[in-house]
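Notes to accompany the following structure.
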There are 2 protein chains.
Amino acid sequence: MATANIKEVARHAGVSLGTVSNVLNRPDTVAPATRQRVLDAITTLGYVRNDSARQLRAGRSRTVAIVVLDVANPFFTDVVRGAEQVIEAAGAMLVVCNSGEDGARERRHLELLEEQRVRGVLITPVDHGPQPVLDKLIERGIPVVLVDRGTGRANRCSVAVDDVLGGRLAMDHLLDQGHHRIAYLGGPLTIAQVADRHAGAAAAVQDRGSTADLRVAVTTNLTVAAGRHAAEELLALPVRKRPTAVFCANDLIALGVLQELTARGVRVPSDVAIVGYDDIEFAGAAAVPLSSVRQPRDQLGRAAAELLLEEAESGDTHRHRHVVFQPELVVRRSSDQPRRTRR
Amino acid sequence: MATANIKEVARHAGVSLGTVSNVLNRPDTVAPATRQRVLDAITTLGYVRNDSARQLRAGRSRTVAIVVLDVANPFFTDVVRGAEQVIEAAGAMLVVCNSGEDGARERRHLELLEEQRVRGVLITPVDHGPQPVLDKLIERGIPVVLVDRGTGRANRCSVAVDDVLGGRLAMDHLLDQGHHRIAYLGGPLTIAQVADRHAGAAAAVQDRGSTADLRVAVTTNLTVAAGRHAAEELLALPVRKRPTAVFCANDLIALGVLQELTARGVRVPSDVAIVGYDDIEFAGAAAVPLSSVRQPRDQLGRAAAELLLEEAESGDTHRHRHVVFQPELVVRRSSDQPRRTRR
DNA sequence: AACGACGCATGAAACGATTCAGGAGGGCTC
DNA sequence: GAGCCCTCCTGAATCGTTTCATGCGTCGTT
């Protein structure tokens with residue numbers, strides 16, 4: 001019942017504790033014959049290392065945690081997969097924690113992770129204000145890497161995508177297509193990503209000296225349902241005031257808009273063009289494939305994981321870095337139809 | 001730097017080790033004044049429990065693992081969320097591991113989890129043959145609960161949804177709508193769910209004594225791309241031989257089919273009706289909202305977690321159970337148009 | 001023959017928490 | 001005031017691993 005321990009293995013193989021440990025950790029320092037005896041003992045006893053003891057001795061664990069806002073959001077699942085690759089290749093283990101956009105849950109998770117002395121934490125924090133909990137982790141020597149939150153602080157690394165540029169790309173595209181009345185859908189504006197994407201869109205209009213009308217419709221969150229709701233409001237406008245294009249803060253909203261418009265007989269893109277953000281898998285698979293601003297999601301995860309491992313290994317000599325990726329516009333059918341210039 | 005330990009706390013508060021431990025674990029056995037002194041020492045020293053030491057002593061950890069086939073699949077993310085609720089409510093922690101449908105990765109994960117002496121494992125195994133790795137875990141006293149794999153073995157609990165019934169529901173619906181040529185899309189058939197759903201569909205045809213023609217098109221996996229590919233093959237058939245309805249083994253395939261058909265000018269549901277499976281969020285949000293067989297995904301996760309905790313606590317007195325949920329057909333536009341009876 | 005070097009193996013000493021048998025002191029009963 | 005119970009606290013023993021100073025041969029060099 002009680003799993004065999006290293007001592008029993010030693011006794012069974014007729015060697016000392018230290019030798020078994022050496023077989024496990026530095027096999028080449030043990031004579032082949034002895035090594036084999038030990039290995040045999042291990043298999044016949046069904047010995048399995050006890051990680052708690054290992055960690056206790058080592059003072060730190062071999063697991064890395066990632067705390068995401070929503071495990072069910074395709075954006076984050078892809079980030080997780082990217083991080084996973086790097087972490088597992090390094091022989092460590094990635095545990096995924098879900099804050100569900102809830103600060104209290106986030107804090108509970110971080111406390112548990114601290115008790116576990118995890119090797120490091122990748123996190124997209126719920127709040128983007130000052131973060132005493134994170135600072136505490138860092139003081140304790142647990143590296144923290146911010147994921148997808150631009151302005152990293154001085155005591156930690158960060159990876160992010162240039163959301164202002166993303167907004168600019170989307171808007172430039174819509175302006176190129178000849179649109180003049182354009183709506184930006186997203187919210188709440190307290191979310192940095194939502195605000196930045198809008199700022200980029202506005203900057204694009206301004207830089208061109210365009211007379212285009214860009215207005216914002218704030219949604220309560222970033223879900224499909226919010227998109228449907230926003231579309232209803234657009235449809236309530238008289239046709240001549242209705243935007244001919246909408247730029248959505250993420251693809252879930254865009255999909256909601258698409259669905260509602262199609263259901264009401266408004267055609268995409270001929271009546272209304274749509275551009276989303278994130279380029280999740282379901283964007284290209286929508287019945288009217290969705291134009292979207294692609295973020296290198298798995299790269300984001302990979303880069304974050306690499307920074308973390310680097311910091312964990314190099315220790316004090318580490319210099320914090322802030323990696324920023326460039327987004328990329330993917331034009332698909334939902335916005336691919338130049339509009340005859342008219343007002 | 002090195003985090004304070006319980007000994008320093010004891011010294012700082014002028015008490016013994018045991019007292020500090022009591023404050024932490026049995027606060028009411030310590031006199032209020034002493035307790036407060038200890039708590040003060042804890043905060044001033046910034047003491048954080050060391051979970052490794054705790055676990056080593058206790059012999060087991062307070063974390064539960066869930067091993068899923070694909071973290072990015074909306075079906076599994078919802079199962080995870082369900083399990084999470086129960087596990088966290090019990091003061092434990094859920095770690096999510098991704099096997100990516102790869103048996104080797106699954107095994108590596110299980111080995112690591114065993115080293116960590118996790119409290120239990122929820123798993124949707126990659127293979128449904130005999131599972132020596134899982135048996136080994138169980139022998140070691142680590143409870144295992146199968147998720148979404150019907151035929152649980154005698155030494156473990158399981159939760160599942162009746163896939164045969166689900167297939168039957170879908171097919172009954174399509175037959176009711178007057179369809180006579182129907183295709184089942186899914187694969188590989190070695191996946192129990194894929195086979196069971198087909199079995200249900202076939203049984204429905206037979207039980208009615210229907211003359212309907214149900215044929216299977218096997219896909220290589222269960223993704224959107226596979227659905228698109230399958231749709232292309234359907235379109236290669238002459239119209240008079242082409243199925244008027246397709247039943248897909250999951251929603252990702254169904255979305256792929258929908259996209260490809262729409263892109264080729266085939267209308268859904270009037271030319272071809274579609275029914276999917278899982279009822280993921282994007283099913284209802286598709287441009288032609290998708291009929292689908294709904295599985296109680298979060299309940300699945302919750303039930304699995306509850307069985308696990310129960311087993312972990314009751315120990316030997318535990319009797320393994322196999323919970324089976326009923327699926328439910330959700331009819332949406334993609335199949336909601338009775339067909340004039342004709343052959 | 002003496003010496004160092006080297007290869008292997010040893011086992012005691014950590015790591016930090018929990019547990020538990022036991023002790024100190026105070027108050028109560030008879 | 002003896003005996004007893006209670007409350008509160010103590011500290012050694014324990015969990016299983018890793019590490020490291022040490023020991024013991026053997027071999028090659030001088």
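Throughout, protein chains are lettered first and strands after them, A, B, ... in sequence-line order, and every chain is numbered starting at 1.
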*Where along residues 10-20 of chain B does a heavy atom fall under 4.0 Å from DNA chain D?*
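Residues of residues 10-20 of chain B under 4.0 Å from DNA chain D: B:Val15, B:Ser16, B:Gly18, B:Thr19.
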*Under the side-chain contact (heavy atoms from CB on, under 4.5 Å) rule, collect the residues that match up with B:Leu112, sequence neighbours excluded.*
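Scan of B:Leu112 (side-chain contact (heavy atoms from CB on, under 4.5 Å), adjacent residues dropped) gives A:Arg62, A:Met93, B:Glu115.
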*For B:Gln299, enumerate each residue passing the side-chain contact (heavy atoms from CB on, under 4.5 Å) test, keeping only those at least two apart in sequence or located in another chain.*
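For B:Gln299, the residues satisfying side-chain contact (heavy atoms from CB on, under 4.5 Å) (neighbours in sequence not counted) are B:Pro296, B:Arg302, B:Phe325.
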*Starting at NZ of B:Lys7 and ending at C1' of C:dC15, how long is that distance when rounded to a whole Å?*
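Between C1' of C:dC15 and NZ of B:Lys7: 10 Å.
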*Return the value, rounded to whole Å, for the distance between atom CZ of A:Arg57 and atom P of D:dT18.*
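Taking atom P of D:dT18 as the reference, CZ of A:Arg57 is at 9 Å.
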*Looking at the rings of A:His320 and A:His322, which for Trp means the six-membered one, are their centres under 6.0 Å apart?*
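Ring-ring flag for A:His320/A:His322: false, centres at least 6.0 Å apart.
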_Base, sugar-phosphate or nothing for A:Arg26? Non-hydrogen atoms, less than 4.0 Å._
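Contact class for A:Arg26: sugar-phosphate only.
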_Let's go through A:Asp135 and A:Arg140 carefully: what are the C-alpha distance in whole Å and the side-chain angles of both, what is the deciding distance for salt bridge (charged side-chain N to carboxylate O under 4.0 Å, His left out) to 0.1 Å, and is it a yes or a no?_
CA-CA 9 Å; A:Asp135 290 329; A:Arg140 279 246 148 48; over 6 Å; no
_Considering all heavy atoms, the nearest B:Arg49-B:Asn25 contact_ =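 Result for this residue pair: NH2-OD1, 2.7 Å.
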*So with a 6.0 Å cut-off around CZ of A:Arg105, is the heavy-atom count from everything else above 12?*
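Yes.
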*From B:Leu122 CG over to B:Leu308 CG, what is the distance, rounded to the nearest 0.5 angstrom?*
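It comes to 5.0 Å.
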*What are the residues of residues 30-55 of chain B, sorted by number, that bring a heavy atom to within less than 4.0 Å of DNA chain C?*
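Contacts with DNA chain C under 4.0 Å: B:Tyr47, B:Arg49, B:Asn50, B:Ala53, B:Arg54.
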_Tell me the bend of the helix from C:dA1-D:dT30 to C:dC30-D:dG1 as the angle between end helix axes, each from five pairs, rounded to the nearest 10 degrees._
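The value is 50°.
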*Taking A:Ile123 as the fixed residue, which of A:Val68, A:Val147, A:Leu137, A:Leu146 is the one that meets the side-chain contact (heavy atoms from CB on, under 4.5 Å) rule?*
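Between A:Ile123 and the candidates, side-chain contact (heavy atoms from CB on, under 4.5 Å) is satisfied uniquely by A:Leu146.
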*Go through the structure and list residues passing side-chain hydrogen bond (donor to acceptor under 3.5 Å, both in side chains) with B:Ser99, not counting sequence neighbours.*
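Partners of B:Ser99 by the side-chain hydrogen bond (donor to acceptor under 3.5 Å, both in side chains) criterion come out as none, since no residue qualifies.
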*Could you check which of D:dT18, C:dA17, D:dT10 has an atom nearest any side-chain atom of B:Asn22?*
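The listed nucleotide nearest to B:Asn22's side chain is D:dT10.
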